[in-house]
Protein chains: 2
Amino acid sequence: MEANWINFIDHGDQHYMCDLIICNVIFGYHDKELKVLLQRPSGSPSWTLPVGFMKRTETLEEAAASIVKRRTGLDKLFLNQFKLFNSCSQYLDANINADSFYKTTGRQIPKDHWMFKPKIAVGFYTLTEFSKVTVHESGFFTDCQWWDIDRLPALLFDPGHVIDEARKSLCKHLYFYPIGYELLEEKFTYPEIHHLYERLLDRKLDERNFLKKLLSMNIIIKLKEQKKIGPHRSPYLYSFNREVYQKAIEEGVSLL
Amino acid sequence: MEANWINFIDHGDQHYMCDLIICNVIFGYHDKELKVLLQRPSGSPSWTLPVGFMKRTETLEEAAASIVKRRTGLDKLFLNQFKLFNSCSQYLDANINADSFYKTTGRQIPKDHWMFKPKIAVGFYTLTEFSKVTVHESGFFTDCQWWDIDRLPALLFDPGHVIDEARKSLCKHLYFYPIGYELLEEKFTYPEIHHLYERLLDRKLDERNFLKKLLSMNIIIKLKEQKKIGPHRSPYLYSFNREVYQKAIEEGVSLL
DNA sequence: TGAATAGTGTCTTTAAGACAGTATATC
DNA sequence: GATATACTGTCTTAAAGACACTATTCA
């Protein structure tokens, strides 16, 4: 076990908020699937959401952004603080407790140590186009990978079904604000955005009516280019009208 | 200064989350005005929102409810956790710091004491019919009173304009869920609920269309009784259809 | 009869929803 | 011409919005 990890255990509560953990649900979209980025502590059979502590000198948003950046290499992502979760008494792994620490490190840590106190989890979700991400492994977490949202592994650290709640918040968000700029590439086809919305909402959207709506709001612009997609008709490319999109983000809008 | 207060200073961080404070915006509605309940620490010229710490053994919602109950005497109120606020380095009063503690109590408290560390404020808002409340003063806070939302005094403890944010969240909430059961009396007139919504949203609502909407949704029921309101035509009383209202709370609905 | 508030109906406009056949590309 | 996907238009229905006069009560 590394020296800075031991230092963290001994003095972490001076530099980090010890009652809080930041818990990120990183959504990705690729190949017609909605995905979530999960990590696995080395040696553990179970997966967790990317979590981390918050420095006393930073804001919640900075803390969440730095955790996301550590995993994805990306910054300036859209981050949404969607919910708080009570009583997370372990932050990484049920196997991490005073006994297991003693066994693996020979260090005796008191049972009332700050690490073992109950914590509030601050849930953030974030959206990114899958292929922009280079998945980063780091230190404690040797595995890190994307999972289809409908085929998730059992999660160890999951107070109150964090992913479900994140997804619900995302859906609600979708009724008020546009989403897509973060999840799609700069230029995208109508079938892509149409499918994305169906996937996010988990229901059918009439393809003609939805397109009519998007175009009537001027939120997407039809380009002259087409995308080659193999042995089929080439779909036209669209891009977001940044001005309208930005305004919709700020003032709210209903696309549905 | 009382013994349990000193005990709190010395050992509070064992029993309370020391990185968090719970911050409540208690909205009331009475006499055509939207109001907020504020308190004033004894000796301070400035007002604050009802705040408090959270016990390590309780949930966020329990902590918020107990603070609200302490001030209003009411429980089972609708509570909505609407936002987090960064870097609240003082939780009650800028005048409370190591020096002032020494002056008033003779007790030397280290500058890195848990009370003076930066905190995250967890914002809740709650709604109640003004006249149900008996305003409770308690211990440290000798004044406690309702203020018209448009004529608030300067607030000492107000990271990020908590009341503004609470009001914004409330408005947004209003587009998705019904509100009124908590703010009106059991039986109310149409002008009352109409005015309440105008006041909450801070804009005109066509009286005919809004009534049409409420009735077509079956969310309010016209009673046979009328309310005597002085030298004018007596308005009919309405009550909420609890079944429809409850369903709307759970599933969401648009009244606007 | 004047002042203040309560109460109500119709028409217009806009948005949502349902629905299915044609077009393009490649093999 | 078979297959797979892209693309488009019209009609129906429902909801939202605009709008102004009448009713009641009391002094």
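Any value given below was found using the heavy atoms of this structure, including those in side chains, with hydrogens, waters and symmetry copies removed. Keep in mind that what you see is a predicted model, and the values were worked out from it rather than measured. Lettering of chains follows the sequences in order, A, B, ..., and the numbering in each one begins at 1.
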Item checked: Base versus backbone protein contacts along nucleotides 10-18 of chain C [heavy-atom cut-off under 4.0 Å; B, S, -] -> B-----SBB

Once you round it to whole Å, what is the distance between [atom2] of [N] and [atom1] of [X]?
{"X": "B:Y238", "N": "C:dG7", "atom1": "OH", "atom2": "C1'", "result": "8 Å"}
{"X": "B:F210", "N": "D:dG17", "atom1": "CZ", "atom2": "P", "result": "12 Å"}
{"X": "A:L211", "N": "D:dA6", "atom1": "CG", "atom2": "P", "result": "13 Å"}
{"X": "B:E192", "N": "C:dT5", "atom1": "CD", "atom2": "P", "result": "14 Å"}
{"X": "B:L214", "N": "C:dT8", "atom1": "CG", "atom2": "C1'", "result": "15 Å"}
{"X": "A:E207", "N": "D:dT5", "atom1": "CD", "atom2": "C1'", "result": "10 Å"}
{"X": "B:I229", "N": "C:dA4", "atom1": "CD1", "atom2": "C1'", "result": "9 Å"}
{"X": "B:E198", "N": "C:dT5", "atom1": "CD", "atom2": "P", "result": "14 Å"}

Note to self: Just to be sure I understand the rule, does A:K227 reach a base, reach only the sugar-phosphate, or reach nothing, if contact means heavy atoms closer than 4.0 Å?
What the structure shows: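 Nothing: the residue A:K227, judged by heavy atoms under 4.0 Å, touches no strand.
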
Checklist line | Aromatic A:F85 / basic A:K83 pairing, under 6.0 angstrom, 45° off normal | finding: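 The answer is yes, since A:K83 meets both limits relative to A:F85.
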
Item checked: Cation-pi geometry met for B:R242 and B:Y181 (6.0 Å, 45°) ->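 Pair B:R242/B:Y181 counts as cation-pi.
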
Margin query: Regarding B:Y29 and B:H195, do their side chains bring together a donor and an acceptor under 3.5 Å, going by distance alone?
Written below: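 Judged by distance alone, the side chains do pair up.
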
Notebook entry, point to check: Between the side chains of B:N86 and A:E61, is a donor N or O closer than 3.5 angstrom to an acceptor N or O?
Noted result: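 Note: B:N86 and A:E61 side chains meet the donor-acceptor criterion.
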
Next item on the list: Show the numbers, then the answer: is there a ring pair (Phe, Tyr, Trp, His ring centres under 6.0 Å) between A:F82 and A:F124?
Entry: CA-CA 6 Å; A:F82 68 100; A:F124 280 87; 8.1 Å; no

Next item on the list: State whether the number of non-hydrogen atoms from other residues, nucleotides or ligands found under 6.0 Å of A:K132 atom NZ is greater than 12.
Entry: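 Yes, because the 6.0 Å sphere around NZ of A:K132 holds more than 12 heavy atoms from other groups.
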
Notebook entry, point to check: Is the number of heavy atoms from other residues, nucleotides or ligands within 6.0 Å of OH (A:Y236) greater than 12?
Noted result: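 Open.
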
Enumerate all atom pairs, one protein N or O and one N or O from nucleotides 23-27 of chain D, separated by less than 3.5 Å.
residue : atom : partner : partner atom : Å
D:dA23  : N3   : B:R233  : NH1          : 3.0
D:dT25  : O2   : B:P231  : O            : 3.2

Margin query: Taking the six-membered ring for Trp, are B:F240 and B:F188 closer than 6.0 Å centroid to centroid?
Written below: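 Judged by ring-centre distance (under 6.0 Å), B:F240 and B:F188 do meet the cut-off.
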
Notebook entry, point to check: Would you call A:E165 and A:K168 a salt bridge, using N to O less than 4.0 angstrom?
Noted result: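 Salt bridge between A:E165 and A:K168, a charged N being under 4.0 Å from a carboxylate O: yes.
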
